Colleague: 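A single structure is presented below for examination.
Small disclaimer: the values here were computed from a predicted structure and weren't measured. Lettering of chains follows the sequences in order, A, B, ..., and the numbering in each one begins at 1.
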Protein chains: 2
Amino acid sequence: MSRPSFREQVLRVREDAIVSAVNRLLAEKGFDLMTVDGVAAEVGIAKASLYKHFASKEELAGAAMVRVLDKTLAEVERLRSDKAAAPVEQLKAVTRWAMREQLAGQMPSLPSENSTLRAALLASKTYVDRVMELGDRLGEWITMAQAAGQIDGSLPPELVLYTLYARACDPVIGVLKSTANYSDEEIVELVLKTCFDGLAARGERA
Amino acid sequence: MSRPSFREQVLRVREDAIVSAVNRLLAEKGFDLMTVDGVAAEVGIAKASLYKHFASKEELAGAAMVRVLDKTLAEVERLRSDKAAAPVEQLKAVTRWAMREQLAGQMPSLPSENSTLRAALLASKTYVDRVMELGDRLGEWITMAQAAGQIDGSLPPELVLYTLYARACDPVIGVLKSTANYSDEEIVELVLKTCFDGLAARGERA
DNA sequence: GTCTATAAGAGGATAGAC
DNA sequence: GTCTATCCTCTTATAGAC
């Protein structure tokens, strides 16, 4: 309850710099190709010093994921303050946000296959808590949007949730960017449109 | 033009076994986590023998990709024989096929970030040729489907193409499977529905 | 807590006998 | 072309001085 000491503040700043580097490298190369040496080099400290802050590469990734989840939850909270917005618009807004983060090279995407990483993440209470909370928040919007007839009510809510999550690491975004035919905002709107409206033409009938 | 000798046939069979193992491991772990030792072990030969057939790990992956593209092109050709089917149904059919392959652990998905792999693939004429041919075949159906008002004509055809490609490595499929709430066929139809019809409810008006 | 130096091991690729 | 044995680099992680 006492305010943090100077040393603690320095520690915080240092660790924040580390997590930022991890976040960027995770977004750029992914977990497997990211090296601890690379992180140390980007932060500008020795690798051994890194291990004084985080016990393993998996913990580094976990810290970056927690921070990204916190940022996402903050964005969700910000959107929730707009009571007038329809639930489906809230869902679109947070999806836009996630896709912009990916385009900015700020969205780490972890492989779901790597078992050691997965085990480490699931062992982290802070990580699991945030995943659950985000799922709850988005789940509320999804349920409301389905009740209001804005989201297809025949779809399992979990399918809707996972489909939205997947937009944050959609490879289509990177491919479209590499063609250099579209601005970032155009990419966001194109992918968002295919996600919510589908590829099929929307005709006159149901 | 003479028919292959016995030795050549043996070689073919051996290389086919290698590519099968690569294909499976690539689908299971991805390129980065797949090891050449693992491939050798699965085939049941020494690692050095592998290198008599393929010069590098990248070439192994390339061979697997070429084979998968060939299988896809064969499936496309099979579908083309049904002249009565609407183009959009052809696109759905080939997408279903790709998703089933993923569910069966037969769809290798390569990271787009890895530059050495990318360079090796683009240097392979057989690979590039097949990618181009598949793009042409699917592009025809996309254009026809848009002209017929079955696919949203406001979407750039390349966006439609990439969106369909992405279904072959859609992480949503794996997540849904891990929940064990749905059969493989249910997963295929759910993801196909979100892809073509979108998350939003399809109401009465355009 | 930061550093230099190094252990320990995985993994891609090759040498050389057969 | 297949094998065993080995090389060599990269990478995770730690030891130990300051």
Colleague: So A:Lys52, base contact, sugar-phosphate only, or nothing? Heavy-atom distance under 4.0 Å.
Modeller: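 Base contact.
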
Colleague: Does a salt bridge link A:Lys71 with A:Glu75, judged by any charged N lying under 4.0 Å from a carboxylate O?
Modeller: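 Salt bridge absent between A:Lys71 and A:Glu75.
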
Colleague: Atom NZ of B:Lys29 and atom P of C:dG11: how far apart are they, to the nearest Å?
Modeller: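 Rounding to the nearest Å, NZ of B:Lys29 and P of C:dG11 are 8 Å apart.
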
Colleague: Of B:Arg100, B:Gln102, B:Lys177, which is the lone residue that meets side-chain hydrogen bond (donor to acceptor under 3.5 Å, both in side chains) with B:Asp184?
Modeller: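 Checked B:Arg100, B:Gln102, B:Lys177 against B:Asp184; only one passes side-chain hydrogen bond (donor to acceptor under 3.5 Å, both in side chains): B:Lys177.
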
Colleague: Looking only at side chains, do B:Asp70 and B:Thr72 share a donor and an acceptor under 3.5 Å apart?
Modeller: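 Judged by distance alone, the side chains do not pair up.
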
Colleague: Pick one: which of B:Arg67, B:His53, B:Arg14 meets side-chain contact (heavy atoms from CB on, under 4.5 Å) with B:Val19?
Modeller: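 The option that passes is B:Arg67.
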
Colleague: Send over the distance from B:Asp32 CG to C:dG11 P, rounded to a whole Å.
Modeller: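 B:Asp32 atom CG is separated from C:dG11 atom P by 12 Å.
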
Colleague: Can you tell me if B:Tyr51 touches the phosphate of C:dT14, counting only side-chain N or O atoms and a distance under 4.0 Å to OP1 or OP2?
Modeller: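 Indeed not, no polar side-chain atom of B:Tyr51 lies that close.
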
Colleague: Roughly, in whole Å, what's the span from CG in B:Leu117 to P in C:dG12?
Modeller: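 Taking atom P of C:dG12 as the reference, CG of B:Leu117 is at 13 Å.
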
Colleague: Can you find an N or O donor on one side and an acceptor on the other, under 3.5 Å apart, linking the side chain of B:Lys47 with the base of C:dG12?
Modeller: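 In this structure, the two groups form a donor-acceptor pair.
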
Colleague: Using every non-hydrogen atom in the two residues, find where A:Arg78 and A:Ser81 come nearest and quote the distance to one decimal.
Modeller: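 In this case the closest contact between A:Arg78 and A:Ser81 is O-OG, 2.5 Å.
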
Colleague: What pair of heavy atoms forms the shortest contact from B:Lys193 to A:Ser154, and how long is it?
Modeller: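 Nearest pair, atom of B:Lys193 first, then A:Ser154: CE-OG, 3.7 Å.
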
Colleague: Compare every heavy atom of A:Tyr182 with every heavy atom of B:Glu158, then report the nearest pair and how far apart it is.
Modeller: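 Taking every non-hydrogen atom into account, OE2-OH, 2.6 Å.
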
Colleague: Specify the angle, to 10°, made by the local axes at the two ends of the helix from C:dG1-D:dC18 to C:dC18-D:dG1 when five pairs are taken at each end.
Modeller: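 The value is 20°.
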
Colleague: Would you mind telling me which residue lines up with the more 5' stretch of DNA chain D, B:Ala48 or A:Thr35, judged by nearest nucleotide?
Modeller: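 Looking at the nearest nucleotide for each, B:Ala48 comes out on the 5' side.
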
Colleague: Using a strict threshold of under 4.0 Å (side-chain N to carboxylate O), is an ion pair present between A:Arg118 and A:Glu113?
Modeller: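 Salt bridge flag = no for A:Arg118 with A:Glu113.
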
Colleague: Going 5' to 3' along DNA chain D, which are the first and last nucleotides with any atom under 4.0 Å from a heavy atom of chain B?
Modeller: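 Reading along DNA chain D, I get D:dG1 to D:dT4.
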
Colleague: Between C:dA13 atom P and B:Met34 atom CE, what is the distance in whole Å?
Modeller: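 About 10 Å, once rounded to whole Å.
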
Colleague: Roughly, in whole Å, what's the span from CG in B:Asn114 to C1' in C:dG12?
Modeller: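 From B:Asn114 CG to C:dG12 C1': 13 Å.
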
Colleague: When all nucleic acid strands are considered with a 4.0 Å heavy-atom cut-off, which category describes A:Ser49: base, sugar-phosphate, or nothing?
Modeller: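 Result for A:Ser49 = base.
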
Colleague: If you measure from the Lys or Arg side-chain nitrogens to the Asp or Glu carboxylate oxygens, is any gap between A:Glu77 and A:Arg80 under 4.0 Å?
Modeller: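 A salt bridge is present here (some side-chain N lies under 4.0 Å from a carboxylate O).
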
